[in-house]
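Let me begin by presenting the structure, written as structure tokens, before commenting on it.
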Number of protein chains: 2
Amino acid sequence: MKKKSFAEAECPIARALDVVGDWWSLQIVRDALRGVRRFTDFAQGLGVAKNILADRLKRLVGAGILQVVPASDGSAYNEYVLTAKGRDLWVLLVALRQWSDRWIPGANEYGQVLVDAQNGEPVAPLELHASDGRKLDLTDLRLVASASTRAKSA
Amino acid sequence: MKKKSFAEAECPIARALDVVGDWWSLQIVRDALRGVRRFTDFAQGLGVAKNILADRLKRLVGAGILQVVPASDGSAYNEYVLTAKGRDLWVLLVALRQWSDRWIPGANEYGQVLVDAQNGEPVAPLELHASDGRKLDLTDLRLVASASTRAKSA
DNA sequence: CCGTATCCATTCCGATACTG
DNA sequence: CAGTATCGGAATGGATACGG
């Protein structure tokens, strides 16, 4: 049977996973955020087979996360740069990195740390705040139908 | 050839993806955060085949994200509850949801919204702050070798 | 109700070869 | 360098059947 697609799923998390919920896509975005633009540079940095990389690049372009632009150095090939939608995934990658650093022992052998470019100090953990600025925890959250939905059903 | 594992990868993002970088794992965690504990409830909520659900549950238990506990109702079966490591993935799921709501049109047809339980107001976007409290953007970030690594190489 | 086991189709992935 | 094409093995996923 064919693999189920979450593109029609009702849950926004499932929809997002349909686009970036595989082993390679987020790593490609991670490298793109570091400035990688060329096919071969992605391939070498990731250690991924070229056919798979080609497939994922097409998929990410189709999802509006990457954009194909003419080569900056005048060569005849493509470069892949993040769109605003793609760049906005940086929050997700920071969340992944912070979770990994906290919970996967030895995951950060090379000791890479995200720092504030202004003063070189490590960044704080991601925080979720309420509309009034209070810091929220998991236990403070609830998932409800939005105003528009409630209005529609009323 | 066998599928490559990122368990030995040097990048913490790759390490994390090795655990939760597939189509189902984060959805299982999402449902677990909502209180789902039983095999059949996961299966129905996700629409996933039972064999792969069993596989993913084992994998998540092995990764220390879920924990098997005796059934709370006295029946002879297992329940799957999140560990602290698993609960801590809530930040990642919030990041996914917010990105999806922002960038995937129509992803939230049912209009579910994360709200502050205290006042019912929608939560603010996740924020990353510097050690001095300044709010940071993607352009403010740099990735450097940590202090311990620098000390070691000195 | 809770899984495990099996069958089968599809997909994924890596290696390699090939084109321009 | 930048891909495309193809092949084979492994993993994924769905359906169903089976046992506790």
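Reminder, nothing fancy here: chain letters follow the sequence lines and each chain counts from 1.
- Salt-bridge check for A/Asp22 with A/Arg56: passed, with a basic side-chain N closer than 4.0 Å to an acidic carboxylate O.
- Atom CD1 in A/Ile52 sits roughly 16 Å away from atom P in D/dT6 (whole-Å rounding).
- The side chain of A/Lys50 contributes no N or O atom lying less than 4.0 Å from OP1 or OP2 of C/dT16.
- Here the P atom of nucleotide D/dT12 and the CD1 atom of B/Ile28 are 12 Å apart, to the nearest Å.
- Across the protein-nucleic acid pair, A/Leu66 atom CG and D/dG3 atom P stand 12 Å apart, rounded to whole Å.
- A/Ala54 comes within 4.0 angstrom of sugar-phosphate atoms only, judged by non-hydrogen atoms across all strands, and of no base.
- Distance from the side chain of B/Arg59 is smallest for D/dT12 among the nucleotides D/dG3, D/dT12, C/dG3.
- At whole-Å resolution of the value, CG in B/Leu53 and P in D/dG13 are 11 Å apart.
- Within the 4.0 angstrom heavy-atom criterion, base atoms lie near A/Asn51.
- The side chain of B/Trp23 sits closest to D/dG13 out of D/dG13, D/dG3, C/dG3.
- Contacts of B/Arg37 with the nucleic acid, taken as non-hydrogen atoms under 4.0 Å apart, are absent.
- With respect to B/Asp55 and B/Lys58, no salt bridge is recorded, no charged nitrogen being found less than 4.0 Å from a carboxylate O.
- Both B/Ile52 and B/Phe39 belong to a common hydrophobic cluster when Ile, Leu, Val, Met, Phe, Trp and Tyr are linked at side-chain heavy-atom distances under 4.5 angstrom.
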Could you go through B/Phe6 and A/Trp24, starting from their C-alpha distance and side-chain angles, then the distance that decides it, and tell me whether this counts as ring pair (Phe, Tyr, Trp, His ring centres under 6.0 Å)? CA-CA 11 Å; B/Phe6 296 133; A/Trp24 295 114; 5.1 Å; yes

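- Taking atom CD of residue B/Glu79 and atom C1' of nucleotide C/dC1, one finds them 12 Å apart after rounding to whole Å.
- Residue order along DNA chain C, read from the 5' end via each residue's closest nucleotide, puts B/Tyr77 first among B/Tyr77 and A/Gly47.
- For A/Arg34 and A/Asp31, the salt-bridge test passes: some basic side-chain N is under 4.0 Å from an acidic carboxylate O.
- The shortest distance between the side-chain N/O atoms of A/Trp24 and the OP1/OP2 oxygens of C/dC12 is not below 4.0 Å.
- In the set D/dG3, C/dC13, D/dT4, the nucleotide with an atom closest to the side chain of A/Tyr80 is D/dG3.
- For A/Arg38, the side-chain atoms get nearest to D/dA2 when compared with the rest of D/dG13, C/dC1, D/dA2.
- Hydrophobic clustering, with ILVMFWY side chains joined whenever heavy atoms are under 4.5 angstrom apart, groups B/Val29 together with A/Leu143.
- Among the nucleotides C/dC2, D/dG3, D/dG13, the one closest to the side chain of A/Phe39 is D/dG3.
- Closest approach to the B/Thr40 side chain among C/dT4, C/dC1, D/dG14 is made by C/dC1 (side chain taken as heavy atoms from C-beta onward).
- Distance CG (A/Asp22) to C1' (D/dA11): 14 Å, rounded to an integer number of Å.
- Rounded to whole Å, the distance from CG on A/Leu46 to P on C/dC13 is 12 Å.
- Residue contacts shown for B/Phe42 are absent, as no nucleic acid heavy atom lies under 4.0 Å away.
- Nucleotide D/dA5 holds its P atom 12 Å from the CG atom of A/Asp55, rounded to whole Å.
- Remark: B/Asn78 is in phosphate contact with C/dG3, judged by side-chain N or O atoms under 4.0 Å from OP1 or OP2.
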